[in-house]
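Convention: sequence-line order gives letters A, B, ...; per-chain numbering from 1.
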Protein chains: 2
Amino acid sequence: MKVKDLRVVKTKKAIYQALTKLLKDKLLTDINVSELCREASINRGTFYFHYEEVGDVFKEFFEEVIVDLEESYKEPYKYISALQVQTLDYKNIDPKTVRIFHHVKKYEDFYRIILSDNVSTTYYYMFFDAIRSNFIEDSKIGEYDESKKFVYSFMTNAIIGLIIEWYRTNFEESVDDMNIHLVETLNVITRS
Amino acid sequence: MKVKDLRVVKTKKAIYQALTKLLKDKLLTDINVSELCREASINRGTFYFHYEEVGDVFKEFFEEVIVDLEESYKEPYKYISALQVQTLDYKNIDPKTVRIFHHVKKYEDFYRIILSDNVSTTYYYMFFDAIRSNFIEDSKIGEYDESKKFVYSFMTNAIIGLIIEWYRTNFEESVDDMNIHLVETLNVITRS
DNA sequence: ACTGTTATTGTACAACTGTATGATAACATA
DNA sequence: TATGTTATCATACAGTTGTACAATAACAGT
C-alpha cells in the first residue's frame, strides 16, 4: 500500500512553499497557476495532476487550520481569562466559544484571507460547517435533533458575524474583548 | 449633461440579456467574458470598457435586488401571516425580519447563486451590509451607537445563518415556517 | 533485480485574458 | 449644422488556461 509517494510529497511541498511565499506579496485571487508553478519550479501539467486551481492548494492549507479549530474546541480548556478573575458575571458564558476566538486570533493571517472580499465562499462554508459541527456535538448526546438545525445555523453564523466585525476592525480587539462583546450581545437579545 | 447614452444603454441591455440567458444553463463561475460577449453580440473590448469581469455584471443585477430588500424593509407591512391569525405568541417577533424572508423567497433564484459554494464573497457582504444597515436604521433614532456594532453584526449574520439553512433545504420551508424557526431559535437562546 | 504502475516533464494546441491601438460611428452641445 | 467628445468595433499581441500526448524517471510489489 502506498503511504506517501516521495515524488508527490516533494511536489506538494514545493507548491505549498511557493504559495506561502506568493501570498506575502499578493492577494490569493491575483495568483495564477503559471506563476505558482514557476515559483515552485514544477511543471504546470503536474499541478493539474493534483489540483484544478490555485484555490485548491489554499483549501488544503485551510483544512489544517480547521483541524486546529476542532482540536482546540475539544481539548480541555486551560486558559484563564482575565474576565473570569475579575468578575463572576461572565461565568455563564458558553466557555467553549472563547476557544473559537482564540483559534481565529492564532490564525489571524488566514482569516484575513478567508473573510476578505472577492474570495470564494468555499472557505467561509468550511469554517461555518466546522463550527456548526462542534456546536452540534457539544449540545446533544447521541442522536442529532433534526428540528434544531436552524438553531445551529443561526448560532454558528451569529458567532461568525462577530468574527466578521472583528475582522473589519482589523482584529484589534483582544480575545477577552470579543468575549465581552458576545456576552453583551446575548444580553441585548435576551432583554428584548 | 449626459443622462443616458443610448449606445451604453443598448450595450448593457445586451449584456444583461446575455447573462440572464447563460445563467439558465450554466453556473456563474463557468461563464467567461468571451462567451458572454458572443452571446450579447458585442465586442469584447466594449465589455472591458464597462466591466472587469463577468461577476461585475451580476453585481449590478444583485444591486437591484438589494434595492428591493431595502424598499421592502422600509415600506409599511401589509402581509398578514397565518401565524399572527392563529396565535398571539408570535406578536413579539421583530415584525420586520419576516420581510427579509419574503424578499429572499421572492428572489430565490438569485440567492441560490449568492449563497452557493465557490462564488465570490462580494455578494454575501453586499447582502450582509444591506441587512445590517436596515437593522441599524431601525433601532436607533439619530446617532449611530458605535458600541453596538458587534450586536448588529451578530444579529445580521444570525439571520443570514437561518437563510443559509433555508438555502440548504432548497428553500422548501415557507416564509411562515422560517418565522417559526426564528422564534423557536430566539426562545432556545433566551432560555439558556 | 525485475516488472508493472504512476508521477513528472516537455511539448503542443485551441481558447480565453487583459490591454492597446486606430478607425468609425453615435453622441452632446453650441 | 458644425464640432468636439466618447462609446463601439476590429485587430493585434503577449500571457494564461485546460487538456492531451509521449517519453522518462521514480515508485511499489513480487
Nearest whole Å is fine: how far is [N] [atom2] from [X] [atom1]?
{"X": "A/Leu6", "N": "D/dA26", "atom1": "CG", "atom2": "C1'", "value": "9 Å"}
{"X": "B/Lys12", "N": "C/dA26", "atom1": "NZ", "atom2": "P", "value": "20 Å"}
{"X": "B/Lys10", "N": "D/dC9", "atom1": "NZ", "atom2": "P", "value": "7 Å"}
{"X": "B/Glu35", "N": "C/dA15", "atom1": "CD", "atom2": "P", "value": "13 Å"}
{"X": "B/Arg7", "N": "D/dA7", "atom1": "CZ", "atom2": "C1'", "value": "4 Å"}
{"X": "B/Asp5", "N": "C/dA25", "atom1": "CG", "atom2": "P", "value": "16 Å"}
{"X": "B/Tyr51", "N": "C/dT17", "atom1": "OH", "atom2": "C1'", "value": "18 Å"}
{"X": "A/His50", "N": "C/dT6", "atom1": "NE2", "atom2": "P", "value": "13 Å"}

Hey, does the side chain of B/Thr11 come within less than 4.0 Å of D/dA7's phosphate (OP1/OP2), counting only N and O?
no

Under 4.0 Å from OP1 or OP2 of D/dC9: is there any side-chain N or O of B/Thr46 that close?
yes

Among residues 19-27 of chain B, which residues get a heavy atom nearer than 4.0 Å to DNA chain D?
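Residues of residues 19-27 of chain B that come under 4.0 Å of DNA chain D do not exist, since none gets that close.
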
side-chain hydrogen bond (donor to acceptor under 3.5 Å, both in side chains) partners for B/Lys24, two or more places apart
none

Under the side-chain hydrogen bond (donor to acceptor under 3.5 Å, both in side chains) test, which residues partner A/Asp109, sequence neighbours left out?
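Expected list: none.
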
Are the aromatic ring centres of A/Tyr123 and A/Tyr111 under 6.0 angstrom apart?
no

Let me have the donor-acceptor pairs involving side chains of residues 12-21 of chain B, under 3.5 Å, with sequence neighbours excluded, atom names and distances please.
from, atom 1, to, atom 2, distance (Å)
B/Lys12, NZ, B/Glu60, OE2, 3.2
B/Tyr16, OH, B/Glu60, OE1, 2.2
B/Thr20, OG1, B/Tyr16, O, 2.7
B/Lys21, NZ, B/Glu39, OE2, 3.2

Once side chain to side chain contact (heavy atoms under 4.5 Å, CB included) is applied, do any residues pair with [X], and if so which ones, sequence neighbours excluded?
{"X": "B/Lys74", "answer": "B/Glu70, B/Asn134, B/Glu137"}
{"X": "A/Thr121", "answer": "A/Tyr125, B/Val119, B/Thr121"}
{"X": "B/Lys105", "answer": "B/Glu108, B/Trp166, B/Phe171, B/Val175"}
{"X": "A/Asp56", "answer": "A/Tyr51, A/Glu52, A/Glu53"}

Listing time: all N or O pairs from protein to nucleotides 11-15 of chain D that are below 3.5 Å?
none

Quick check for you: among C/dT17, D/dC9, D/dT17, whose closest atom lies nearest to any side-chain atom of B/Ile42?
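Comparing C/dT17, D/dC9, D/dT17 against the side chain of B/Ile42, the answer is D/dC9.
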
Closest listed nucleotide, where the reference is the side chain of A/Tyr48 and the choices are D/dT19, C/dG18, D/dC27:
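For A/Tyr48, the side-chain atoms sit closest to D/dT19.
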
As a quick check of understanding, evaluate side chain to side chain contact (heavy atoms under 4.5 Å, CB included) for B/Phe127 and B/Phe62, giving each step before the final call.
CA-CA 9 Å; B/Phe127 188 39; B/Phe62 194 49; 4.1 Å; yes

